[in-house]
Amino acid sequence: MAITCDVAVLGGGTGGYIAAIRAAQLGKEVVIIEQDKLGGTCLHRGCIPSKALLRSAELYSQMKDSASYGIETSGLSLVFPKVQERKLAIVDQLYKGVQYLMKKNKITVIQGKGRVIGPSIFSPKSGAVAVELNDGEMETVVPTNLIIATGSRPRSLPGLVPDGEHILSSDEALLLEDLPESMIIVGGGVIGVEWASLLQDFGVHVTVVEAAGQLLPAEDEEVARELQKHLLKRGIKVLTGVKVSPDTYAVMDGQVHISAQQGEQTIELQADKLLISVGRQANVENIGLENTDIALSNGFIRVNEHMQTTEPHIYAIGDCIGGLQLAHAASHEGLVAVHHMAEEELHYDENQVPRCVYSRPEVASVGLSEKEAKAKGHEVKIGKAPFSVIGKALVHGDKEGFVKIVTDANSQDILGVQMIGNHVTELINQTAMAAILDATPWELGQVAFAHPSLSEIIGEAALVVDGQNINF
């Protein structure tokens, strides 16, 4: 007998389970269908485990530099298996928390592989889900509305498919039992930069190969230059404007060898392992989309501003629709979808969603870069302040980096904010709130930021826009 409900969510990742919770809070009967573990990529193979490793790497680096703070240490050593144990403990605690939230909100969780089916004896329209349970049995879920939240997986390159031994994706890298002596990272985007940062802090010799002309191709050019300067200073080899040649890949004497091209120049690379970090692709295969009229665009499910697909009773959120492919974006997209089902409107603008890179130094941004703003026809004014004039930054020993505010010279609207420096992934949320509230640089400059605090730099950068800066 089929299970009927108000809302079914296909995929129990961050976006999916948060959408399910809000739907339950709105009085809906909700079913989540998840083939693996609740929490999805973010909790088990992405955000949380990688940040646990990054924190251990950061602390290890700080302890090695403790003498500069007047603290003498001896016998410092890295025990990587314990680093991994800590990571797993954090993931497990949060996983148990998600399971509790499902029970608290009376959400039915079905473990199995779901496929959307077309019109059938269960429903006159597509959107029901046939579920192959983990025990091999079949179940059918018939919802009034369906949310597809199937997420994404690491993208590979032809000829460079992860094997878990010599070629890794971020999934396999998280499972390393021992650290290699050296690593080539193909791709200098967010994930590649984070892995380069943590591996170098752990003592691994790292080479980053990026095909674009800069690291973090989607971010501000000035920020990218500053980041590359710091990574080079730390001993990370960075090659930009360079493409690897997969047909030259070989394993010899236990090491990977591969050639790369920079214009006419050939660069020979070798290391213990190769990490492929060239983005993520949507999980849209084998979920039954062919049984619907749902449209795809460049491999992602096409949705409108309410997260509706081309079948209005079926919604899609998160990585499977493309866009920012961030956990917090997926969560908000889920809220937008659920509230629309309840005939309520919820604001969502990608330009107001923070983007973060948890490397050392960190990078964070919201809205448009200077180049993007000019390309859209804005006459821009820039306010830029360095961390070197902020007392709390000096206290922390992190004086490098800056905050840059991009504004429209005519309307005074804040178009975007870019930051680089330690702890900026915490500071960026303040400017995201300012964007939502349509604040101007003048208004940001009127805030009495606590002193000493890192957030003072936001006020200082805002004052620079109109030439009223105080501390430099």
Side-chain angles (χ1 to χ4, degrees), residues 14 42 46-48 50-51 54-55 58 189-191 193-194 197 215-227 230 323-333 347-373 380 382-390 392-393 396 398-407 413-441 443-445 447 449-450 452-465:
T14 306
C42 177
C47 322
I48 299 302
S50 64
K51 299 328 169 262
L54 279 158
R55 174 56 182 151
E58 176 189 41
V190 175
I191 297 172
V193 164
E194 289 184 351
S197 182
L215 295 174
L216 304 180
E219 295 298 332
D220 179 81
E221 293 175 351
E222 192 173 7
V223 168
R225 288 195 299 270
E226 182 77 2
L227 174 65
H230 288 291
L324 295 176
Q325 291 195 308
L326 299 169
H328 51 285
S331 300
H332 206 81
E333 289 161 0
H347 174 80
Y348 179 73
D349 182 349
E350 277 194 358
N351 279 325
Q352 295 172 347
V353 177
R355 306 180 298 274
C356 298
V357 186
Y358 297 84
S359 52
R360 188 170 64 84
E362 294 182 343
V363 173
S365 62
V366 65
L368 303 177
S369 67
E370 180 180 356
K371 182 178 181 180
E372 289 169 335
V380 303
I382 303 297
K384 180 182 171 185
F387 273 107
S388 59
V389 302
I390 303 300
K392 190 66 175 290
H396 275 289
D398 300 326
K399 66 178 182 178
E400 306 298 337
F402 57 83
V403 168
K404 179 178 179 180
I405 298 178
V406 182
T407 64
D413 288 338
I414 295 175
L415 302 174
V417 180
Q418 293 81 44
M419 302 180 175
I420 180 168
N422 285 339
H423 308 292
V424 296
T425 58
E426 298 294 334
L427 300 182
I428 194 65
N429 298 298
Q430 299 179 42
T431 60
M433 182 180 293
I436 289 175
L437 297 176
D438 202 23
T440 65
E443 289 168 322
L444 272 180
V447 176
F449 288 96
S453 69
L454 294 177
S455 59
E456 288 179 90
I457 196 170
I458 296 172
E460 193 70 29
L463 290 172
V464 175
V465 174

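Predicted model only: the values in this text are computed from it and were never measured.
- Side-chain polar atoms of R360 and S197 form no donor-acceptor pair below 3.5 angstrom.
- With hydrogens and angles disregarded, a donor-acceptor distance shorter than 3.5 Å links the side chain of E362 to the backbone of T425.
- The side-chain heavy atoms of V223 and K404, taken from C-beta on, include no pair separated by under 4.5 Å.
- By the 6.0 Å contact criterion, NZ on K399 is open, its count of non-hydrogen atoms from other residues, nucleotides or ligands being 12 or less.
- Atom CD1 of I414 and atom CG of L437 lie 10.0 Å apart (nearest 0.5 Å).
- Taking all atoms of both residues into account, the shortest heavy-atom contact from V190 to C356 is CG1-O, 3.9 Å.
- Between F449 and Q430 the shortest heavy-atom distance is CE2-OE1, 3.7 Å.
- Take S453 and apply the side-chain hydrogen bond (donor to acceptor under 3.5 Å, both in side chains) test, not counting sequence neighbours, and it matches S455.
- Residues forming a ring pair (Phe, Tyr, Trp, His ring centres under 6.0 Å) with H396 (at least two apart in sequence, or on another chain): H423.
- Closest of all the heavy-atom pairs between P361 and H230 is CD-CB, 3.8 Å.
- For the atom pair OG1 (T14) and CD1 (I48), the distance works out to 8.0 Å, reported to the nearest 0.5 Å.
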* Any chance you could lay out the side-chain contact (heavy atoms from CB on, under 4.5 Å) test for L227 and L216, step after step, and finish with the verdict? => CA-CA 9 Å; L227 174 65; L216 304 180; 3.5 Å; yes
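- For E194 (side chain) and I191 (main-chain N/O), no donor-acceptor pair under 3.5 Å exists by modelled atom type.
- Remark: E426 CD is loosely packed, at most 12 non-hydrogen atoms of other residues, nucleotides or ligands lying under 6.0 Å away.
- Distance check: T407 OG1 to L415 CG gives 6.5 Å after rounding to the nearest 0.5 Å.
- Once rounded to the nearest 0.5 Å, the distance linking CD of E460 with NZ of K384 reads 14.0 Å.
- In this structure, V363 and V424 have side chains that are not in contact, with every pair of non-hydrogen atoms separated by 4.5 Å or more.
- Annotation: the span from S50 atom OG to Y358 atom OH amounts to 9.0 Å, rounded to 0.5 Å.
- Considering only heavy atoms from C-beta on, V465 stays 4.5 Å or farther from I382 through its side chain.
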Exercise for the section: Before giving the answer on side-chain contact (heavy atoms from CB on, under 4.5 Å), spell out for Q418 and V406 the whole-Å C-alpha distance, their side-chain angles and the decisive distance to 0.1 Å. Expected result: CA-CA 8 Å; Q418 293 81 44; V406 182; 3.5 Å; yes
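- Taking OG from S365 and CD1 from I420, the interatomic distance works out to 11.0 Å, rounded to the nearest 0.5 Å.
- Of all non-hydrogen atoms in Q352 and A435, the two that sit nearest each other are NE2-O, 3.5 Å.
- Listed here is the closest heavy atom pair of E370 and D220: N-OD1, 3.9 Å.
- Within the 4.5 Å cutoff, side-chain heavy atoms of R355 are placed close to those of E219.
- Within the 4.5 Å cutoff, no side-chain heavy atoms of D398 are placed close to those of L454.
- Using a 4.5 Å heavy-atom threshold, the side chains of T431 and M419 count as touching.
- Taking every heavy atom of both residues into account, E400 and F387 meet most closely at O-CD1, 3.7 Å.
- A salt bridge does not link E222 to R225: none of the charged nitrogens lies less than 4.0 Å from a carboxylate oxygen.
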